[in-house]
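The analysis underlying the following values was restricted to heavy atoms, covering all of them including side chains, and did not include hydrogens, waters or symmetry mates. One-based numbering along the sequence shown. Ligands are counted one by one from 1 in listed order, and the atoms in each one are counted from 1 as well.
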Amino acid sequence: MKSSRNISRREFIDRVATGSAALGLAVGGAPAIVHPSPGERVTMGIIGAGIRGQEDMEAVLRAGGNVAMACDLYDGHLRRVQEIQPNTPVTKDYREVLERRDIDAVLIATSDHWHAPIAIDAMKAGKDVYCEKPMTHSIPEALEMVKVSKETGRVVQVGSQSLSMQSTHKGKEWVDSGQIGTIYNIQCEIYRPDPIGAWKYPIPPDASPQTIDWDRYLGNAPKRPFEAARFFQFRNWWDYGTGLAGDEYVHLLSRVHYLMNVQYPLSAVANGGIYHWKGDRDVPDIHNTLYDYGKFQVVVLGNLVSNFDGGEIVRFMGDKGTVVLTEESAMLLPYDEEWDYGYPLSSWPKDLKQQFIAAHKNDPTADVGTAWKRPKRKKEQFRQTREGTVDHILNFFASVKSRQQPIENVDFGCGTAVACHMANISYREKQRVFWNAERLELTGEKGPVDVSLS
Ligand SMILES: NC(=O)c1ccc[n+]([C@@H]2O[C@H](COP(=O)([O-])OP(=O)(O)OC[C@H]3O[C@@H](n4cnc5c(N)ncnc54)[C@H](O)[C@@H]3O)[C@@H](O)[C@H]2O)c1
């Protein structure tokens, strides 16, 4: 608790409301920020109440939080919010959410181009922030969010709920135990070959400038006339979304960064194109990237075209086995070295073969036909029982109360955001890009790159 006396947050807010909160005023006259105590419910405002914002809102309620207000730019989404929780106050101006003193934290689930501007305003207004992935629309925004979070002391949790999945933690346990040896290579894949996977979401019949605040939606994006697709299918355009990297790589790379204890890649080189979903997008529908992390390599294959029932896969490939993570499970595939010289020795004449066997009969690395008799480690499979979002929100609530860092804090979110933006910038600039983690600078092998791009 940051208040000067040990009063409850609710009591404090009541005093503010009745004008008797003098004891709670911070130096300079600004109202002190009072955090919920361990026994209190966290009160949230939802900003961006579309598909994910509504799912998150339901997760907040399931996690025991209050939802005090919701903000969205489309009437239909605000009406739906009030079906989920009747009488929820709603607005199209997020600043009204930030002005509410009873709101401890905001959950931001807008299109990507609004994440950072709203998160920064929210932190400056004293709110903690749960921000959907990818943390930002560009690298400079990610660095700015880190800075503001440190300056304001606000907690930020980024919403790649895979970090709170049971399967991720099982995989980490296996990797940390050394069971798969040293990891030099990681393969990530994401397949979403149908129209919904390719973000061709349906447009509601009432979509119009009367039901949508189009000017506010454009925000820092180039001005243009109303176009419903650019609102409901925003991921298909760089102006509002971050393509396959920001939408999907981020889930995969969050698991990579968490299990491997790294923040940034050293370099990325990407290839891709629009092969199938032509005419309605400027982001690629196949986007493949090779990352160099120094001690290991990561390849990410992003595919909105091919009909392979793979979903999301991350394979941590060690020299003694592989850990495979999917959205639902973790698998340990150990392998045991098998030295069997029988095959090459079969090309030798008998006398040389026997001479070799006699000389190496006690050498386990020169096995000549008994390797298969040695005990083998068994494959293990773990199926998770929960999806992860409620756990991720509970982790955030615990941090809001304790003021400790959450599992996917702003530094972690910055790292995965930078990695995703590197894939996009490499694709768009057609060159390998290098990240200098000391100077927080991106350069290209052919020269400077435009970091304002997603
Ligand atoms: N963690 C996950 O698994 C997961 C899943 C889906 C989406 N997401 C993320 O959630 C975000 C939203 O995705 P979605 O599928 O819900 O999109 P959506 O289009 O359904 O919803 C986005 C909403 O943001 C609102 N919005 C945009 N700018 C706003 C502003 N300035 N103020 C208030 N509201 C604003 C729009 O009105 C829209 O309703 C994206 O960043 C996406 O990457 C995360």
Side-chain angles (χ1 to χ4, degrees), residues 45-59 69-81 90-98 106-122 130-137 141 157-165 190 192 196-197 199-204 207 209 211-221 226 228-237 239-252 254-255 283 311-312 327 387-393 396 408 413 416-417 420 454:
I46 309 291
I47 302 177
I51 303 168
R52 184 61 183 170
Q54 291 173 23
E55 282 179 354
D56 284 339
M57 174 178 169
E58 291 182 302
M69 195 174 207
C71 170
D72 198 86
L73 303 182
Y74 167 51
D75 289 344
H77 285 157
L78 293 176
R79 285 200 285 124
R80 174 67 193 140
V81 160
V90 294
T91 175
K92 286 188 179 167
D93 183 350
Y94 71 84
R95 290 167 299 186
E96 284 185 35
V97 179
L98 304 188
V106 294
L107 190 149
I108 301 168
T110 61
S111 38
D112 305 345
H113 74 308
W114 268 108
H115 287 185
I118 296 175
I120 288 168
D121 282 353
Y130 182 107
C131 181
E132 269 302 343
K133 41 57 54 174
M135 189 169 93
T136 62
H137 195 231
E141 282 181 344
Q157 169 94 305
V158 180
S160 316
Q161 68 277 12
S162 57
L163 279 207
S164 293
M165 284 182 181
I190 169 74
R192 295 168 50 119
I196 296 302
W199 312 307
K200 292 171 79 71
Y201 292 166
I203 292 172
T211 56
I212 292 166
D213 190 335
W214 176 251
D215 286 341
R216 202 189 290 268
Y217 171 69
L218 289 178
N220 56 19
F226 177 77
R230 285 176 175 259
F231 185 83
F232 291 100
Q233 304 172 355
F234 71 86
R235 290 166 173 84
N236 296 310
W237 288 275
D239 286 343
Y240 332 102
T242 46
L244 257 163
D247 203 41
E248 294 299 338
Y249 280 32
V250 66
H251 286 300
L252 307 163
S254 293
R255 288 173 137 184
V283 307
E312 276 179 34
E327 282 169 282
E387 180 269 342
T389 303
V390 172
D391 291 298
H392 210 48
I393 285 172
F396 174 65
E408 195 174 355
T416 45
C420 295
S454 164

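Atom 17 (O) of ligand 1 has as its closest protein heavy atom Phe234 CE2, 3.3 Å. Scanning the protein for heavy atoms near atom 21 (O) of ligand 1, the closest one is Gly50 CA, 3.4 Å. If you check which protein heavy atom lies closest to atom 27 (C) of ligand 1, you get Ser111 OG, 3.5 Å. Considering only non-hydrogen protein atoms, atom 38 (C) of ligand 1 sits nearest to Asp72 OD1, 3.4 Å.
Ligand 1 has a nitrogen or oxygen under 3.5 angstrom from a nitrogen or oxygen of Leu73. Geometrically, ligand 1 and His115 share a nitrogen or oxygen pair separated by less than 3.5 Å. Where the criterion is an N or O separation shorter than 3.5 Å, residue side chain and backbone included, Arg216 fails it with respect to ligand 1. Backbone and side-chain nitrogen or oxygen atoms of Glu132 are examined, and one is located within less than 3.5 angstrom of a nitrogen or oxygen of ligand 1. Considering both main-chain and side-chain atoms, His77 comes within under 3.5 Å of ligand 1 through a nitrogen or oxygen pair. In terms of N/O distances under 3.5 Å, ligand 1 is approached by Ile51.
Residue contact check: Trp114 has heavy atoms under 4.0 Å from atoms 28 (N), 31 (N) of ligand 1. Listed by atom number, the atoms of ligand 1 under 4.0 Å from Cys71 heavy atoms are 33 (C). For ligand 1, the atoms sitting less than 4.0 Å from at least one non-hydrogen atom of Gly159 are 1 (N), numbered in the order shown with element in parentheses. Proximity to Asp112 (heavy-atom distance under 4.0 Å) selects the following atoms of ligand 1: 40 (C), 41 (O), 43 (O). Per-residue contacts place Gln161 under 4.0 angstrom from the following atoms of ligand 1 (heavy atoms of the residue considered): 1 (N), 2 (C), 3 (O).
One finds the CD atom of Glu58 at 11.0 Å from the CD1 atom of Ile393 (value rounded to the nearest 0.5 Å). Taking CD1 of Ile47 as the reference point, atom OG1 of Thr91 lies at 9.5 Å (rounded to 0.5 Å). Atom SG of residue Cys131 and atom CZ of residue Phe396 lie 10.5 Å apart, to the nearest 0.5 angstrom. Separation of atoms CD1 (Ile190) and CG (Leu244) is listed at 7.5 Å; rounding is to 0.5 Å.
Looking only at distances, no side-chain donor or acceptor of His113 sits under 3.5 Å from a matching main-chain atom of Gly241.
With a 4.0 Å cut-off on non-hydrogen atoms, Asp247 touches ligand 1 through its side chain and not its backbone. The parts of Arg52 lying near ligand 1 are both backbone and side chain, judged by heavy-atom distances below 4.0 Å.
Each of His392, Glu132, Glu387 was checked for a side chain to side chain donor-acceptor pair (under 3.5 Å) with Gln161, and the lone residue meeting it is Glu387. When the options Tyr94, Trp114, Tyr240, Phe234 are evaluated for a ring pair (Phe, Tyr, Trp, His ring centres under 6.0 Å) with Tyr217, the one that passes is Tyr240.
Annotation: side chain of Ile46 is not in contact with side chain of Gln54 (no heavy-atom distance under 4.5 Å). At least one side-chain heavy atom of Pro202 sits less than 4.5 Å from a side-chain heavy atom of Ile196. With a 4.5 Å cut-off on side-chain heavy atoms, His115 and Thr136 do not count as touching.
A salt bridge does not link Lys92 with Asp213: none of the charged nitrogens is closer than 4.0 Å to a carboxylate oxygen.
Here atom 24 (O) of ligand 1 lies nearest to Thr110 when heavy atoms of Leu107, Thr110, Thr242, Val97 are compared. The option with the heavy atom closest to atom 7 (C) of ligand 1, from among Lys133, Arg235, Glu55, is Arg235. For the residues Ala109, Gly53, Gly48, the heavy atom positioned nearest atom 22 (C) of ligand 1 is part of Ala109.
For the 3.5 Å distance criterion, the side chains of Thr389 and Arg52 qualify, holding a donor opposite an acceptor.
Within the 6.0 Å centre-distance limit, the rings of Phe232 and Tyr74 are counted as a close aromatic pair.
Taking 4.0 Å as the cut-off, His251 counts as a neighbour of ligand 1 on heavy-atom distance.
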